Amino acid sequence: MLQPIAIPVLQDNYIWLIRQADNKAVIAVDPGTSAELLQYLAENDLHLTQILITHQHGDHIDGLETLIKHWPQVEVLVPALPFHGEKLAGTACHGGESFSFLNKVRVSVLAVPGHTLNHLAYLLTDASGQNILCCGDTLFSAGCGRIFEGTAAQMYDSLQKINNLPAETVICPTHEYTLSNLNFARVVEPDNQNIIKQMDIVTALRAQNLPSLPVTLAAERSYNPFLRCENSALQQRWQQSSGLNLFSFLRNWKNNF
Ligand SMILES: [Zn+2]
């Protein structure tokens with residue numbers, strides 16, 4: 001059984017820690033800082049064996065150097081082809097690679113360009129078939145990342161790749177943007193009751209300062225407009241002739257929402 005734990009850091013980031021029952025070894029994803037993570041590891045007597053990096057933005061990597069100093073044996077997976085001249089220490093991945101970490105946990109690397117050109121997502125699958133996707137700034141709950149380096153078509157393909165994973169896949173994005181994303185979703189699809197229900201759930205969680213994440217892909221399909229672009233009623237409503245056109249329209253609109 002895999003257990004994703006969200007450690008809140010910076011303004012609205014989460015470092016995801018992937019634990020496995022009866023295993024003191026853990027995987028961390030996108031350490032934008034190190035202090036909170038080191039404290040959690042010490043308090044729970046855990047040791048860090050792998051770090052997965054989805055992309056090279058500072059709020060996803062700035063804790064890396066300190067963590068490697070603390071855990072010199074840690075294995076790090078990073079995106080290949082770093083941009084802006086940055087070189088990250090670790091095993092460079094392009095997407096398509098597969099690793100075995102923890103106790104028989106397969107880590108499959110997916111190329112999901114759009115937010116950055118070399119953005120990666122990591123699909124973790126344990127021996128029972130349980131799936132967890134760590135997707136960085138590609139898919140958020142009820143929303144998706146901004147397109148900084150890629151094209152709308154690349155980002156759309158990346159989201160479709162995620163959308164094609166099994167429905168029960170547990171999604172772990174890096175940011176707590178859910179409420180503002182749901183506010184946008186409600187304007188896009190005012191009649192969708194799933195959006196209203198999810199707003200009530202997330203509002204209650206956030207009032208207690210609890211994360212709205214993780215979420216399942218099945219739930220996201222029911223209220224995330226960026227995963228619903230193939231819906232013909234939604235295309236008609238916004239007078240868009242294809243899923244990609246609707247996606248581009250919604251992404252541009254959200255940039256200024
Ligand atoms: Zn980013």
Side-chain angles (χ1 to χ4, degrees), residues 4 6-18 27-34 36-37 51-67 76-90 92-95 109-124 132-163 171-181 184 211-215 220 224-227 247-248 250-257:
I7 299 179
V9 298
L10 305 171
Q11 202 179 334
D12 47 34
N13 283 59
Y14 294 118
I15 299 174
W16 286 99
L17 206 61
I18 311 296
I27 299 175
V29 185
D30 283 352
T33 180
S34 57
E36 297 90 339
L37 178 57
I51 300 173
L52 313 179
I53 302 289
T54 64
H55 67 294
Q56 74 277 15
H57 288 158
D59 62 318
H60 298 250
I61 61 169
D62 283 351
L64 198 49
E65 211 177 308
T66 306
L67 291 171
V76 186
L77 302 189
V78 300
L81 305 170
F83 286 77
H84 317 303
E86 284 181 53
K87 178 120 180 64
L88 296 175
C93 298
H94 297 263
V109 187
L110 310 180
V112 285
H115 179 71
T116 65
L117 283 174
N118 56 350
H119 199 298
L120 301 176
Y122 298 95
L123 181 66
L124 289 79
I132 291 180
L133 184 78
C134 296
C135 55
D137 289 355
T138 300
L139 180 68
F140 295 127
S141 183
C144 75
R146 283 175 184 263
I147 302 169
F148 285 127
E149 294 178 359
T151 62
Q154 280 177 316
M155 188 65 160
Y156 190 57
D157 284 349
S158 296
L159 292 172
Q160 291 296 90
K161 196 183 275 188
I162 293 173
N163 207 358
I171 308 284
C172 301
T174 303
H175 289 279
E176 180 61 64
Y177 293 158
T178 313
L179 264 186
S180 69
N181 286 339
F184 177 71
S212 65
L213 306 169
V215 285
E220 286 303 306
N224 187 328
F226 296 99
L227 295 184
F247 172 74
S248 301
L250 293 178
R251 187 55 266 181
N252 282 330
W253 181 9
K254 179 70 166 66
N255 287 345
N256 304 299
F257 183 76

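In listed order, ligands and their atoms are each counted from 1. Note that the coordinates shown come from a computational prediction; the quantities given were computed from them, not determined experimentally.
Sorting the N, O or S atoms of His115 by how far they are from the Zn ion (ligand 1) puts NE2 first. Counting just the N/O/S atoms of His57, the one with the shortest distance to the Zn ion (ligand 1) is named ND1. Closest approach between the Zn ion (ligand 1) and any N/O/S atom of Asp137 involves OD2.
Side-chain N/O atoms of Asp137 and His60 include a donor and acceptor closer than 3.5 Å.
Residue His60 does not count as close to the Zn ion (ligand 1), with no N, O or S atom under 2.8 Å.
Among residues two or more places apart in sequence or in another chain, the side chain to side chain donor-acceptor pair (under 3.5 Å) test is passed with Ser212 by Glu176, Thr178. Scored by the side chain to side chain donor-acceptor pair (under 3.5 Å) test, Asn163 finds Arg221 as partners (sequence neighbours excluded).
Of the residues listed (Leu159, Asp157, Asn252), the one engaging Phe247 in a side chain to side chain contact (heavy atoms under 4.5 Å, CB included) is Leu159, and it is the only one.
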